[in-house]
Every structure is written in structure tokens, then in C-alpha cells.
Amino acid sequence: MRRPTLTSLALLAATTLAASLSAAAPTSAATPTPGGGQTVDWGPCSAEQHPELVEAGAECGHLTVPLDYAAPQGRTIEIAVSRIRATAEPAQRRGILLANPGGPGGPGLDYPLALSPVLGKVADRYDLIGFDPRFLGGSTPLACTPPAGPPAPATGNHRQVFDATVASARDMARRCGQPPGNTALLPHATSRNVARDMDAIRAALGEPALSYFGVSYGADLGAVYTQLFPHRADRIVLDSGTDPALTQYELFQVTGPAAETALDEWAAWTAARHGTYRLGRTAPRVRATVERLITHAERQPLTLGGHTADAGRLRLIMHQLLQYEESDPALARIVRNLQDALDGHAVEPDPVLAQWLTLLSSPEADALFSVPSFTMCADGGWPAGGWPAGTNAYWRNTRQSRTTQPVFGPQANAISACTFWPTPPGDGGTAIDNDVPVLLLHATRDNNTPYPGGVALHRALDGSRLLTADIRSHGVYANAISGNQPIPCADKAVNTYLAGGPLPPTDRTCHP
């Protein structure tokens with residue numbers, strides 16, 4: 001769950017770094033509560049940070065919200081908000097449409113604008129509202145103390161590799177509790193508080209309800225909103241959500257078998273193109289090539305040019321590329337590149353591999369993993385929390401997973417910094433059990449948030465309809481904006497619903 005694409009990881013790193021270098025946003029003496037008379041102080045967007053918003057004629061501003069909604073008279077923080085006003089006639093305007101790109105940890109000020117080419121004329125009927133969730137991007141920032149240096153490759157036998165991941169998780173937890181004031185903020189980085197912030201935005205804009213689109217963690221966040229504010233939910237579209245009966249650790253675990261299945265699918269595709277990639281004429285031989293690379297990289301990292309690739313980085317990169325069928329050629333090139341390096345050839349890394357390895361060894365890389373931890377550790381249960389105590393369960397699960405998940409088992413069962421987090425969770429998990437009308441989307445071969453989780457969310461939201469796409473993808477709606485194959489019937493169904501049409505009468509399946 002919540003394993004964003006390379007593009008969004010890079011965006012997250014850049015925005016988080018900018019936030020960590022800025023001064024903390026001042027708190028206000030105001031005492032806002034949802035519907036309590038707060039307004040957004042609108043002004044121009046930053047031409048340097050958000051040129052696309054400026055070009056689109058957007059407004060940007062900040063909304064003051066409580067740090068702790070249980071103590072609304074206490075400390076406050078700022079939420080960064082953007083708005084592109086509806087252009088339709090007043091009689092055709094539907095209200096406001098918020099959106100969240102997932103994560104947790106993804107800033108979203110620009111996200112509704114990115115969706116607008118697929119929304120088409122539907123976008124004209126809404127004020128498109130982007131927001132950076134609390135402690136991200138332009139909102140009141142939160143950052144961990146940077147590490148002393150880039151992480152050393154985790155190498156050795158299986159226990160030594162595991163112990164290295166434990167040490168890394170422990171160190172991240174320690175560093176996230178170090179900056180002055182952090183421990184007062186960390187418990188409040190919860191999904192329920194972000195949903196409350198969304199409702200505060202609605203109230204500040206004077207709207208009786210809000211419409212919403214969210215993908216991945218953003219889908220789960222939208223589901224949380226429907227439980228806290230069921231009567232304020234207008235058109236809610238949730239893409240690639242998860243099973244609300246599972247903890248975050250269990251959600252990570254189910255990605256292991258799904259990723260191994262995706263690897264088999266890719267291996268069959270690559271074997272059929274042996275003349276191009278020379279990785280094996282059968283799927284089992286291609287898979288064996290990958291397993292040899294991972295086994296070698298655990299003992300001794302591979303070197304390509306000036307880059308180093310240990311097994312942990314290779315697992316992460318491979319899993320990212322396996323999320324989308326369109327990335328099959330890039331992954332095949334990378335595996336061929338790695339095999340050449342293993343064979344002793346002096347090779348430069350493939351451009352996609354070089355981009356990944358550069359990012360993962362950069363000073364910004366720490367934010368890619370620490371920022372999502374803010375929410376994953378602050379939630380006490382679904383959608384982002386719930387972690388075994390101690391290290392024994394993680395070691396047992398990691399060791400056992402290698403039998404059936406030799407490539408991705410150690411990644412899917414890895415320990416988290418939340419095990420050592422300096423503050424307890426700030427909210428309990430959220431139970432999903434009402435009949436708010438929701439349109440759900442899910443891909444059958446999603447290996448990031450596997451399809452059974454979407455079906456489980458559909459059952460829990462018993463007023464929902466599920467639109468299934470028979471593809472390997474993490475996300476169904478607006479796939480074209482990422483350069484992937486669009487699913488026209490899914491795009492049309494979402495737009496029809498957002499425009500004011502009814503939910504589909506039954507669940508349905510879309511084909512590419």
C-alpha cells in the first residue's frame with residue numbers, strides 16, 4: 001500500500017525538503033472549528049513553486065485549523081489551499097471538488113489541476129480545491145532531523161540484512177522525535193484529522209457539502225471522511241482503496257504475493273521477447289535471473305557507473321515498475337542492465353535506473369520514507385496504523401516469506417519506524433460501516449493495493465458501486481495523465497457521476 005510512482009516520490013522529496021528548510025508557519029490566535037466562521041485569505045499562488053496554478057488563474061491561501069480538534073481553543077496550524085473557480089453558469093455549478101493524490105505524505109495543492117484534462121467540462125462546474133494535508137508542502141511543516149549521511153547498503157546473511165533494517169527504522173524514529181516541538185505535533189498527523197481539515201475547508205468556503213476524488217491512500221482518506229461527515233458528502237469517488245479490516249502492516253504484507261504474481265506476468269512478457277532482452281526464453285528462467293540478482297545484491301551490492309544497488313533498493317525499484325503494464329519494457333531493460341553488471345561488464349546504468357538510484361542516494365531520500373511515517377505512526381488503526389510491538393514478528397514473517405516470496409517478501413514484511421516511534425498514536429482506527437453513496441474503482445491486478453481490498457471496502461460501504469478495470473495498474477481513473485493507457489469507460493463513468501448523474505445501477509467491469 002501507498003507506494004507512489006517515481007514521479008510522485010520525486011515531487012514528495014522536493015516539496016518536503018522545501019518545507020523542512022522553511023521556518024515553521026506561525027500559529028494563529030484564532031479558534032477555528034468546522035463551520036466556526038473561518039475564511040481562507042486568498043491571494044496569488046507562488047509563481048516559483050506553482051507555475052501551473054498561476055497559469056490556470058488559481059488562487060492560493062491558508063486556512064487556520066486546530067492542531068487538536070478535541071481542544072479547539074488551543075494551538076492552531078495552517079493548511080495550504082488552492083482554488084480554481086468554476087466557469088459554468090451559476091445554475092450549472094455543483095459546488096467544490098477536493099482531491100488527494102495518496103501517500104500518505106503526498107502534497108496536493110496542484111492535484112485537482114492535474115486531473116482537469118480528464119475531468120473536461122465537468123471541471124467547469126466545480127471550484128477545484130487543492131490542499132496540502134497538515135504538515136506537508138505549504139502547510140505548517142514537520143520534518144525529521146536529517147541523517148548523518150546516506151544509508152550504508154544492507155548486506156550479509158538474512159539476519160544481518162534484517163538487523164540493518166531494524167537499526168535504520170530505530171534511527172528514523174529517533175530523528176523524527178528530535179527537532180524541538182516535534183513530539184507535540186506528531187500525534188496529530190492522523191487521517192481523521194486530515195478529514196476534519198477537509199471539512200474545515202468546506203465550512204470556510206461556505207459550502208453545505210463537498211465532492212471528492214482520492215486515489216490509493218487518498219481513497220481511504222475519502223472513506224474516513226464519509227464516516228465522520230456522512231451528511232456532508234456529495235459526489236465521492238475513491239480509486240484503489242484498501243480493506244478496512246486490515247492494519248497498515250497487514251496491508252503491506254498482502255502486497256508481497258501480489259507483487260510476486262506481477263513479476264510472473266512480467267517474466268512471461270519478457271520471455272516472449274528473448275531476442276530483445278536476452279533474459280530467458282521461458283518465464284521461470286526470467287524469474288530465476290531476477291532472483292539471482294537479488295540474492296547477489298544481498299551479499300554484495302551491484303555497481304553500475306558511480307551508482308550502488310543493494311537488494312533493498314532493487315526490490316523497491318522493481319516493485320514500482322511492476323505496478324503498471326506500461327513499465328514492462330523499462331523493467332526488462334533494467335534487469336538486462338543489472339545482469340550485464342553482474343557478469344562483470346563495465347556498464348552505465350539505464351537512464352530510468354540511474355534516476356531511481358540517484359534519488360534513493362540523495363539527501364532528499366530520507367523524506368520519502370519519514371514523511372509517510374507521520375500518518376502511518378499517528379493512526380491507531382486503519383487506514384494507516386497498527387504495528388506489531390518489538391522485532392520478533394517482523395523477523396519471523398520476513399524469514400517465512402522468503403519461501404514463497406523470494407523477491408518481495410522481505411520488503412512486504414519489513415519493520416517500520418512506527419515500532420520505535422517517539423509518540424503514541426493520536427487517533428484510533430476508523431470503522432467503515434455506512435451506506436453513503438460512493439463510486440469505487442479498482443484494477444484487478446493492482447499489486448500496490450490488491451483488488452480484494454477494494455472489494456472489501458465496497459462491502460463495508462454498502463451504498464457504493466464498484467467499477468473494476470481488468471488491467472495491471474495502481475489507479476484507474478485519469479490514467480492518461482501519468483502517460484499510461486486510459487480506460488475510457490472508467491473515465492466516462494466518473495465524469496458522469498461527478499457531473500450530477502446517478503451511481504451506476506450495478507457494479508461493472510471496464511476493459512482497456
Inset, instruction - Determine whether the side chains of Asn479 and Ser473 contain a donor N or O and an acceptor N or O closer than 3.5 Å. - result: yes
Report all side-chain donor-acceptor pairs from residues 338-346 shorter than 3.5 Å, counting only partners two or more places apart or in another chain.
| unit_1 | atom_1 | unit_2 | atom_2 | d |
| --- | --- | --- | --- | --- |
| Gln339 | NE2 | Asp343 | OD1 | 2.9 |
| Asp340 | OD1 | Arg336 | NE | 3.2 |
| Asp340 | OD1 | Arg336 | NH2 | 2.8 |

Inset, instruction - Report yes if some heavy atom in the side chain of Tyr249 is under 4.5 Å from a heavy atom in the side chain of Asn397; otherwise report no. - result: yes
Inset, instruction - Decide if atom CD of Gln160 counts as having more than 12 heavy atoms of other residues, nucleotides or ligands within a radius under 6.0 Å. - result: yes
Inset, instruction - Without swapping roles, check the side chain of Asn413 against the backbone of Gln253 for a donor-acceptor pair under 3.5 Å. - result: no
Legend entry - Ser191 versus Pro383, closest heavy-atom pair with distance: OG-CG, 3.5 Å
Inset, instruction - Determine whether Pro452 and Asp243 make a side-chain contact, defined as any pair of heavy atoms from C-beta on separated by less than 4.5 Å. - result: no
Legend entry - Minimum-distance pair of heavy atoms, taken over all atoms of Leu503 and Pro437: CD1-CB, 3.8 Å
Legend entry - Pairwise distance CH2(Trp356) to CD(Gln320) - rounded to 0.5 angstrom: 4.0 Å
Inset, instruction - Could you please spell out the steps behind the side chain to side chain contact (heavy atoms under 4.5 Å, CB included) verdict for Val286 and Trp269? - result: CA-CA 10 Å; Val286 174; Trp269 181 93; over 6 Å; no
Inset, instruction - Quick one: do Arg315 and Glu298 satisfy salt bridge (Lys or Arg N to Asp or Glu O under 4.0 Å)? Show the steps, please. - result: CA-CA 11 Å; Arg315 287 185 172 105; Glu298 282 194 317; 3.3 Å; yes
Legend entry - side chain to side chain contact (heavy atoms under 4.5 Å, CB included) between Ile129 and Leu97, intermediate numbers included: CA-CA 6 Å; Ile129 307 298; Leu97 176 63; over 6 Å; no
Legend entry - OG1-CG distance between Thr308 and Leu302, expressed to the nearest 0.5 angstrom: 9.5 Å
Inset, instruction - Say whether Tyr394 and Thr419, considering side chains only, have a donor N or O and an acceptor N or O under 3.5 Å apart. - result: yes
Inset, instruction - Verify whether the ring centers belonging to Tyr477 and Phe213 lie closer than 6.0 Å. - result: yes
Legend entry - Tyr217 side-chain N/O to Gly241 backbone N/O, donor-acceptor pair under 3.5 Å: no
Legend entry - Gap between atom OG1 of Thr398 and atom CD1 of Ile415 - 0.5 Å precision: 8.5 Å
Legend entry - Sub-4.5 Å side-chain heavy-atom contact between Leu360 and Phe369: yes
Inset, instruction - Answer yes or no: are there more than 12 heavy-atom neighbours, outside Asn392 itself, under 6.0 Å from its atom CG? - result: no
Legend entry - Inter-residue atom distance Ile334.CD1 - Leu314.CG, 0.5 Å rounding: 9.5 Å
Inset, instruction - Give a yes-or-no answer on whether the side chains of Thr449 and Asp446 include a donor-acceptor pair shorter than 3.5 Å. - result: yes
Legend entry - Modelled atom types, side-chain donor and acceptor of Arg399 and His158, under 3.5 Å: no
Legend entry - Side chain Ser82, main chain Leu109, donor-acceptor under 3.5 Å: yes
Legend entry - Thr226 side chain to Tyr212 side chain, donor-acceptor N/O pair below 3.5 angstrom: no
Legend entry - Side-chain heavy atoms of Leu322 within contact of Leu331, under 4.5 Å: yes
Inset, instruction - Please round to the nearest 0.5 Å and tell me the distance separating atom CE of Met172 and atom SG of Cys377. - result: 9.0 Å
Legend entry - Candidate pair Gln227 and Asn434, rule side-chain hydrogen bond (donor to acceptor under 3.5 Å, both in side chains), full reasoning: CA-CA 7 Å; Gln227 306 306 296; Asn434 66 12; 2.9 Å; yes
Inset, instruction - Measure up the Tyr451 and His442 rings against each other and bin them: parallel (under 30°), tilted (30 to 60°), perpendicular (over 60°). - result: perpendicular
Inset, instruction - Test Tyr111 against every option in Leu128, Val215, Asn100, Asp132 by the side-chain contact (heavy atoms from CB on, under 4.5 Å) rule and name the one that passes. - result: Val215
Inset, instruction - To the nearest 0.5 angstrom, please state how far the CZ atom of Arg281 sits from the NE2 atom of His274. - result: 4.0 Å
Legend entry - Any donor-acceptor pair under 3.5 Å from Ser482 side chain to Asn484 backbone: no
Legend entry - Main-chain N/O of Gln323 paired with Ser327 side-chain donor or acceptor, under 3.5 Å: no
Legend entry - Arg159 NZ/CZ over Trp395 ring centroid, <6.0 Å and within 45° of normal: yes
Inset, instruction - Would you check if Leu221 and Leu238 make a side-chain contact, meaning some heavy-atom pair closer than 4.5 Å? - result: no
Legend entry - Heavy-atom closest pair, residues Pro101 and Gly108: CD-CA, 4.1 Å
Inset, instruction - Determine which pairs satisfy salt bridge (charged side-chain N to carboxylate O under 4.0 Å, His left out) with at least one residue from residues 288-297, sequence neighbours left out, and list them in order. - result: Arg287-Glu291
Legend entry - Heavy-atom donor-acceptor pair, Ser464 side chain to Val438 backbone, under 3.5 Å: no
Inset, instruction - State, to 0.1 Å, how close Pro133 and Gly106 come at their nearest heavy-atom pair, and which atoms those are. - result: CD-O, 3.7 Å
Legend entry - Over 12 foreign heavy atoms within 6.0 Å of CZ, Arg459: no
Which donor-acceptor pairs under 3.5 Å do side chains of residues 505-512 form with protein atoms, sequence neighbours excluded?
| unit_1 | atom_1 | unit_2 | atom_2 | d |
| --- | --- | --- | --- | --- |
| Asp507 | OD1 | His458 | NE2 | 3.3 |
| Asp507 | OD1 | Leu466 | N | 2.9 |
| Asp507 | OD2 | His458 | NE2 | 2.8 |

Inset, instruction - Using atom types as modelled and distance alone, determine if a side-chain donor or acceptor of Glu325 lies under 3.5 Å from a backbone N or O of Arg472. - result: yes
Legend entry - Minimum side-chain heavy-atom gap Glu250-Val254 below 4.5 Å: no
Inset, instruction - Would you check, one step at a time, whether the test side-chain hydrogen bond (donor to acceptor under 3.5 Å, both in side chains) holds for Thr242 with Trp382? - result: CA-CA 9 Å; Thr242 64; Trp382 189 90; 2.8 Å; yes
Legend entry - Test log, rule side chain to side chain contact (heavy atoms under 4.5 Å, CB included), inputs Thr303 and His307: CA-CA 6 Å; Thr303 301; His307 298 276; over 6 Å; no
Legend entry - Under 3.5 Å: donor-acceptor pair, side chain of Thr255, backbone of Leu251: no
Inset, instruction - Over all heavy atoms of both residues, which pair between Val476 and Ile487 is shortest? Give the atoms and the distance, please. - result: O-CG1, 4.2 Å
Legend entry - Closest heavy-atom pair and its distance - Trp266, Val290: CZ3-CG2, 3.8 Å
Inset, instruction - Could you give me the CA-CA distance, side-chain angles and deciding distance for Asp379 and Arg192, then say whether salt bridge (Lys or Arg N to Asp or Glu O under 4.0 Å) is met? - result: CA-CA 8 Å; Asp379 278 2; Arg192 294 169 73 88; over 6 Å; no
Inset, instruction - Check whether any side-chain heavy atom of Leu461 sits under 4.5 Å from a side-chain heavy atom of Asp435, and report yes or no. - result: no
Inset, instruction - Answer with yes or no after comparing the ring centroid distance for His474 and Tyr324 against a 6.0 Å cut-off, counting only values under it. - result: no
Inset, instruction - Could you tell me whether the side chain of Asn337 and the main chain of Arg333 form a donor-acceptor pair under 3.5 Å? - result: no
Legend entry - Side chains of Phe252 and Met376 in contact at under 4.5 Å (non-hydrogen atoms): yes
